[in-house]
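Input: a single structure, listed below in structure tokens.
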Amino acid sequence: MEGWKRTHHLGELRIEDNEKTVTLMGWVHRRRDHGGLVFLDLRDREGITQVVFYPDLSNEAHELAHQVRSEFVVALKGIVTPRPEETANKDLATGEIEVRATDLKILSRAKTTPFQIADESEVGEDLRLRYRYLDLRRPELQDNLRVRHAATSSIRRFLDGEGFWDIETPVLTRSTPEGARDFLVPSRLSSGEFYALPQSPQLFKQLLMVSGIDRYYQIVKCFRDEDLRADRQPEFTQVDLEMSFVEQDDIIEIMERMVSTLFAEVKGSSLVTPFPRITYADAMARYGCDAPDTRFGLELADVTEGMAGSDFKVFAKVASSGGAVKGINAKTAGEKLSRKEIDDLAGFVAPFGAKGLAWIRIQPDGEWQSPIAKFLGDEARKAIVEALAPAPGDILFFVADTLSVTNFALSKLRVHLAKRLGLVDDSVWSFCWVTDFPLVEWDEEEKRYFALHHPFTSPRAEDLNLLKEDPSRVLATAYDLVLNGTEVGGGSIRIHDSEVQQKVFEMLGIEEEEAMEKFGFLLEGLSFGAPPHGGIAFGLDRLCMFLTGTSAIRDVIAFPKTQRGTCLMTDAPSKVDEKQLRELGIRLRQSAKQGGN
RNA sequence: GGGGGCGUAGUUCAGUUGGUUAGAACGCCGGCCUGUCACGUCGGAGGUCGCGAGUUCAAGUCUCGUCGCUCCCGCCA
């Protein structure tokens, strides 16, 4: 750059800078070449500034400006000038001025880009991922990264102020049973053995509490080798923290302040605290899921009891055999949904296991229009009226199945209907805490209990005696933070007593020997004087999705993976040299050699 | 592992019932143009219709397989 120093960013100059001599650098956003007069819109991450080249101001610069093309990187010197009457551009922050160029340098030429940067049109995702660095030049993604930076920096500032220490934990650690599939890393020095990438720093942060660190946090990558979704990547980022000498309410209180500060600083929104709390049992009963969208009603109501004696055999059979019949009242949907749409909703719930979807449309005269109306006796009608309070214009929907299928199908239908009926206010942040989760869940296939949260979650003190006799009734001191129907964080008070920890392992069917081999270091740590402690982890990517208003997690990650877990830019994962494998003591199976591309 | 959507010029798309030389816009290249800001204007280049088979006199179009991107179920907190 031959000693040239940039004096201003490209979103910076205003009318007050009139007559200043400036040096600007950036990418050519657009060029408008009038022959005798050339305009360049110069772009950097801060904005766009218009530059004009006059032949009589500098013939040399004007000549060179003809050669410039989109996405060239240029440097120029010039004089800030107010734009002539009527030519100001209200769409640009710098639109009242322009820079009259006296000197131009082309710092870097650019080939024609595979897609236009200075153009908002949608481009195929595969092409954008292949040339991710070009996609990141576009304002939309660049703004997302800006928001993500603002978020992490707000969170760090807040936690620092509350006395949390940022401490790094290992990325190469050991594989643990339970939870998601691990990413494995072969060890060269211990041939035949493997590290695992952490699914979260859970055990390390607990041991940091044992060390007396008192308050720890980390914004940290976590890895889970499971299939991807619109909101799931194999490597993702958690805001992970842990505190000593606290109870559930202490953690909830401080996290409400952290989240409020975050939304205030990044979005300028002021959240109302404390956030509402709902127990897991209530959430399942009223919303059918443990992460309810509380921006709208459409709550589920249970009508199982009134259906046992019904003439509608599907309901009666389910009701009398331990299943559940639940319904939703879609208030005033009668005018909005056509008969075909109503029938199509059965197809909507089918993938969630529901074998059918019954409905009743309440006519203006109060008549029940429904394929099942004639099977509903007085008792069934009474149960429905009491549970759902139908009024003319409403449509009632029912699913009858096992409790879990009924809840799952209706929870999905609830959200679907709310969107269709325009009940979802996208400008609202509706947070709630879900508490009192069951400690464990019975797995029918493996015939054993699994920890709902993770195996280090403390049972509620009053439930300790239930551990042996009826584990399924034990509630955990675990809590999730839910925002608009998405879980954005979750944590628990941990077991700080190695004996209780051992009992929980036992109940989970983890043999003592196995527990010692895989978690011995934790049990041992807890035995040397562990403070009561607990913590929480937030999904930073998901939080950023809300802060940016995007629906794809890829949009808040600089270099994301495709749904198949590949990176189209680097072409990872890739084959490796035979020599590398030999050093690791690895030989590929025939099927693995043929796989890949 | 299963189901859905998409794949045609550099990009975004159109392409009739299977019919002759596959189009548009933007971009790109060249000419003209001193107040543009999606500059204008005149001209030009640019196609393995994702890939491979099959049906047919004839396939962008129909069938089967396969690859890629994406959404969902399973999986995953």
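Please read these numbers as outputs of a predicted model, since none were measured by experiment. By convention in this document, chain letters (A, B, ...) are assigned in the order of the sequence lines, proteins followed by strands, and residues within each chain are numbered from 1.
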Suppose you measure atom [atom1] in [N] against the same atom in [M]; what distance do you get, rounded to whole Å?
N	M	atom1	answer
B/rC62	B/rU56	C1'	10 Å
B/rC6	B/rA14	P	10 Å
B/rA22	B/rG65	C1'	26 Å

Quick one, give me the B/S/- string for nucleotides 72-77 of chain B, reading 5' to 3', where B means a protein heavy atom under 4.0 Å from the base and S means that only happens at the primed atoms, P, OP1 or OP2. SBBBBB
Any side-chain N or O of [X] less than 4.0 Å from the OP1 or OP2 oxygen of [N]?
X	N	result
A/Arg69	B/rG30	yes
A/Ser121	B/rG27	no
A/Arg130	B/rG68	no
A/Arg30	B/rA38	no
A/Arg32	B/rU36	no

For residues 551-559 of chain A, which residues have at least one heavy atom under 4.0 Å from RNA chain B?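 Correct list: A/Arg554.
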A/Arg32 and A/Gln50: side chain donor to acceptor below 3.5 Å: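 There is such a pair (donor and acceptor under 3.5 Å, judged by atom type) between the side chains of A/Arg32 and A/Gln50.
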Taking the six-membered ring for Trp, does A/His34 stack with B/rC39 (centroid gap under 5.5 Å, planes within less than 30°)?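 Yes, aromatic ring over the base.
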Run the numbers on A/Arg69 and A/Glu71 for salt bridge (charged side-chain N to carboxylate O under 4.0 Å, His left out), then give the verdict. CA-CA 6 Å; A/Arg69 294 291 181 273; A/Glu71 301 307 315; over 6 Å; no
Contact nearer the 5' end of RNA chain B, comparing A/Leu92 with A/Lys561: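 Between the two, 5'-proximity favours A/Leu92.
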Between the base of B/rC37 and the side chain of A/Arg83, is there a donor-acceptor distance below 3.5 Å?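 Under the 3.5 Å cut-off, the side chain and the base do form a donor-acceptor pair.
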Would you tabulate the nitrogen or oxygen pairs shorter than 3.5 Å linking the protein to nucleotides 6-10 of chain B?
residue : atom : partner  : partner atom : Å
B/rG10  : O2'  : A/Pro114 : O            : 2.8

Does the pair A/Lys447/A/Asp443 count as a salt bridge with the N-to-O cut at 4.0 Å?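 Result for this pair is no, no salt bridge flagged.
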